[in-house]
Number of protein chains: 2
Amino acid sequence: MAKRLLSFANLGHGVNVSAVTSPLAWEHVQPAAARRLLTGAIEAFAERGFQATTTRDIASRADMSPAALYVHYPSKERLLFEISLYGHRAALEILTAADTADTPADRLRAMVAAFTAWHAEHHTIARVVQYELAALSPEHFTEVATIRRAISSLIEKVLADGVSNGTFTVPDLPGTTLAVLSLSIDVARWYDPTRRPSPEALGATYADLALRMVQA
Amino acid sequence: MAKRLLSFANLGHGVNVSAVTSPLAWEHVQPAAARRLLTGAIEAFAERGFQATTTRDIASRADMSPAALYVHYPSKERLLFEISLYGHRAALEILTAADTADTPADRLRAMVAAFTAWHAEHHTIARVVQYELAALSPEHFTEVATIRRAISSLIEKVLADGVSNGTFTVPDLPGTTLAVLSLSIDVARWYDPTRRPSPEALGATYADLALRMVQA
DNA sequence: GTCTATAGAGGGATAGAC
DNA sequence: GTCTATCCCTCTATAGAC
């Protein structure tokens, strides 16, 4: 396969799922062995998917025997849940922190830019967050679904505020909310840090697109 | 989990992956047993993913024993490949058939509408097409990647034509191509035929969004 | 807390009868 | 072309030594 491929076509084998987020972000996971397992699991789940990832693979990425995993996590699913929960919380925090401007237009711009940049910068964990939901236990899925609703509500609220004060024109509020989220989320599927624009540049571009979507 | 959920949040267990495309579309797969296996595999792969689907599951959906599968297909992966290949060809044909208008704006509108509606109407097979690429063998992936490049090229060509004749303003051609494709593709992830707009309505909406993206 | 060894279950694919 | 039976492997998780 040629090196020079459009990203759209180059999404199977050989996808670059590189190093992972900033290591600092996982300092709260103690001890270090548990953290190595967690970051190894993020990479493995993002590359191969939850079902195709073996506990042996995760353990070997952490330079441990398969059995050592169970000292730190009771199951493979629990590892997925902790990753998914942390990732969803991080995405919600990013969005909340960006919601500070005075006008709906400025708020939407900042929120879409931040949400998009997060999906690009942390595309590894974002892939797990967005595409491995079905592997969670029903109870664990319920828990992250609550966070997903909160994320959706934040965007819907900004759009509604823009409609209220007359700056946005949105015929279908839930549909437009979904479209705005959709564009950012899909970044996790195709983003390749070796070829694509920086997360910040992409965020700025997508923020513009979102504003055009609501005819601001 | 409450019935009334925003689609964004409702993407794990309980996703509605209903009946499948039109049965007519698979008439070329003969004999009928092979067709039952293929359509069963599409539903199973879309619901659970390739790795989580067992050959026993596929066979039982076709009311057959596990062994009977191997009379019609040499492996589980081959079943995935045939689904993926057919799905990619169908998407390319849909896009090609829609590329008939005179102006770039009308062409883009028709193509995005058709491509989006296809991902909604055939969201089951579209999920397999868009999210199970990594489970293909390297050789089979190479083959569908060719079709993916053709799809991408069709969109890029329309955008380039619009830039040439001055009706579109596109600072980043590959980036905008990807964003237009991205919005349509993500439909396969969240589309729920029991709640969402009809494929045609969604296609019309997304065609408008695409035209705004290129400032037509 | 880490290891080696392994239990116990399940899955892809095949053998051989009909 | 479909079945029953099963091989053989891999995988999650546990047992028990250190």
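A, B, ... follow the sequence lines: proteins, then strands. Residue 1 opens every chain. Everything numeric here is computed off the predicted structure, so don't read it as measured data.
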### Query
For D:dT14, does either OP1 or OP2 sit under 4.0 Å from a side-chain N or O belonging to A:Y70?
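No, no such contact exists.
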Measure from [atom1] on [X] to [atom2] on [N] and round the result to the nearest Å.
X	N	atom1	atom2	result
A:R35	C:dG1	CZ	C1'	16 Å
B:H72	D:dG1	NE2	C1'	6 Å
A:L69	D:dA13	CG	C1'	10 Å
B:K76	C:dT14	NZ	P	14 Å

Should [X] and [Y] count as an ion pair when the cut-off is N to O under 4.0 Å?
X	Y	result
B:K157	B:D161	yes
B:D57	B:R48	yes
B:R89	B:E93	no

Among [options], the nucleotide that comes nearest once only the side chain of [X] is considered:
X	options	result
B:M64	D:dT2, C:dT2, C:dG11	D:dT2
A:S75	C:dG11, D:dA13, D:dT2	D:dA13
A:A33	C:dT2, D:dA13, D:dT2	C:dT2

### Pair A:H119 + A:Y206: ring centers closer than 6.0 Å
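No - the distance between ring centres of A:H119 and A:Y206 does not fall below the 6.0 Å cut-off.
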### Message
Restricting to side chain to side chain contact (heavy atoms under 4.5 Å, CB included), what partner residues turn up for A:A201, sequence neighbours left out?
### Response
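Counting only residues at least two positions away or on another chain, A:A201 forms a side chain to side chain contact (heavy atoms under 4.5 Å, CB included) with A:P197, A:S198.
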### Summary
In B/S/- notation (B base, S sugar-phosphate only, - none; protein heavy atoms under 4.0 Å), nucleotides 4-9 of chain D written 5' to 3' is B-B---
